[in-house]
Amino acid sequence: MPTMDYLIRSSRVIDVSGGDVSGASGPGANAASAPLDAEVDVLVQGGRIAEVGKGLAAPKGVREIDGRGNIVLPGLVDLHVHLREPGQEYKEDIESGSRAAAAGGITTMCCMPNTRPVNDCRAVTDLIVRRSREVGIARVLPIGAVSKGLEGKSLAEFGEMKEAGIVAVSDDGRPIMDAGLMRRALEYGKTFGLPVVQHAEDLNLAEGGVMNEGAVATRAGLRGQPPQAESIMVARDIELVEWTGAQYHVAHASTARSMELVRDAKKRGLPVSCEVAPHHFTLTDEACASYNTDMKVAPPLRNESDRQALLQALADGTVDCIATDHAPHSEVEKDVEFDCASCGMLGLETALSLSLELVNDGVIDLRRMAYLLTQGPARLFSLDAGIGTLAVGSPADLVMFNPETRWVVDRNAVQSRSKNTPYHGRKVPGQVLLTLFGGNPVFDRKGLCDE
Ligand SMILES: [Zn+2]
């Protein structure tokens with residue numbers, strides 16, 4: 001099917017791939033050139049970015065789209081999603097997850113290996129890559145398991161999974177508790193050019209806690225787990241990074257102390273990075289007081305001082321990217337007592353709006369937001385050069401949204417197969433109007449691309 005060509009007129013276009021807005025200690029950005037942030041036109045031809053500039057001439061047969069009042073960013077990049085395929089398609093599959101991504105402006109996502117079977121070998125990686133290409137709604141880049149079966153005992157086959165297309169390794173959902181195994185994972189990761197992503201949680205300290213330890217947990221009568229369960233793991237891992245020199249990434253970092261540790265490691269020049277999930281910078285443990293199981297997540301929602309530390313770290317460059325940890329669960333896992341409910345929240349369809357709240361609250365500016373959602377993540381996992389940018393010749397992955405429109409999150413109106421959003425009823429800014437993936441409209445709220 002031939003792709004249509006599009007000319008998006010007069011949007012505010014932000015592409016930070018040419019500039020350094022990574023923050024004081026962010027990964028290697030090119031300070032010599034400037035980021036693009038201007039009201040310009042974007043020409044999409046043959047599925048690629050053909051031209052970006054003011055007053056572009058419209059080639060014959062191109063569809064012109066009035067972009068005034070809207071913002072255009074490169075398609076967003078999410079390093080942390082759970083697509084549940086293979087094995088738990090009743091919660092989500094690659095197609096429904098890709099539709100949710102498109103509705104949220106996300107065109108590239110990295111999917112965690114805790115599927116059934118686990119993605120710990122070439123066959124499963126192949127299956128995910130093949131299936132996502134068939135679906136063709138978003139770019140899905142698998143993350144391979146660190147250990148076979150996520151059992152934390154012996155290393156999975158990094159080399160063959162890398163050949164099949166993984167971009168990182170992780171046992172996410174479970175921490176790598178064994179320091180010896182973590183050392184070897186870092187060493188092999190370095191050999192194969194694969195960052196090791198840690199779900200930092202000392203299970204002995206966490207002791208089955210179902211929410212953050214503190215006054216709210218005590219009042220609610222729920223078992224808490226301390227923030228140190230996370231930071232002690234981060235501290236141990238940073239020691240191993242210093243030893244091995246391997247690239248290490250903290251998934252869904254959620255505590256003030258984790259931020260201090262990552263900030264300090266970066267100052268010392270260590271290849272340490274971290275992501276923060278929108279739910280950790282927008283919600284606190286107070287949300288668990290109502291026993292709403294959609295608020296149950298790992299790591300748990302923290303207290304206000306932890307949240308404030310995340311905001312600071314998002315602004316000062318300690319945080320490298322915003323990642324959703326999109327984790328769909330059905331009523332079977334969520335319509336139960338808080339103690340018994342599975343951990344996890346939807347994230348793909350709300351990440352952009354919640355990030356815009358940061359901008360509206362003056363925590364970060366739009367360019368920094370664009371970095372955290374596009375170039376930051378793309379650089380961390382060394383994704384292909386055309387991802388997270390609107391540079392001429394890149395695949396035409398982009399999102400156009402209206403920053404002024406406010407909308408109410410509705411769990412019954414999501415694209416995801418599951419409904420476990422913690423934001424049901426919340427009014428949020430920024431409505432996605434159009435998402436192009438490889439030049440194809442994969443989400444088109446108002447039929448702007450219709451024939
Ligand atoms: Zn995790």
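Each ligand, and each atom within it, is numbered from 1 in the order the structure gives.
- Side-chain contact of Ser353 with Tyr423: a donor-acceptor pair under 3.5 Å is absent, judged by distance alone.
- Separating the OG atom in Ser254 from the NE2 atom in His279 is a distance of 8.5 Å, to the nearest 0.5 Å.
- When the shell of 6.0 Å around CZ of Phe158 is examined, it contains more than 12 heavy atoms from other residues, nucleotides or ligands.
- When distances from the Zn ion (ligand 1) to the N, O or S atoms of His199 are compared, ND1 comes out shortest.
- At least one N, O or S atom of Asp172, from either the backbone or the side chain, sits less than 2.8 Å from the Zn ion (ligand 1).
- Among the atoms of His252, an N, O or S atom falls under 2.8 Å of the Zn ion (ligand 1).
- Side-chain contact between Val428 and Thr350 is absent, with no heavy atoms from C-beta onward closer than 4.5 Å.
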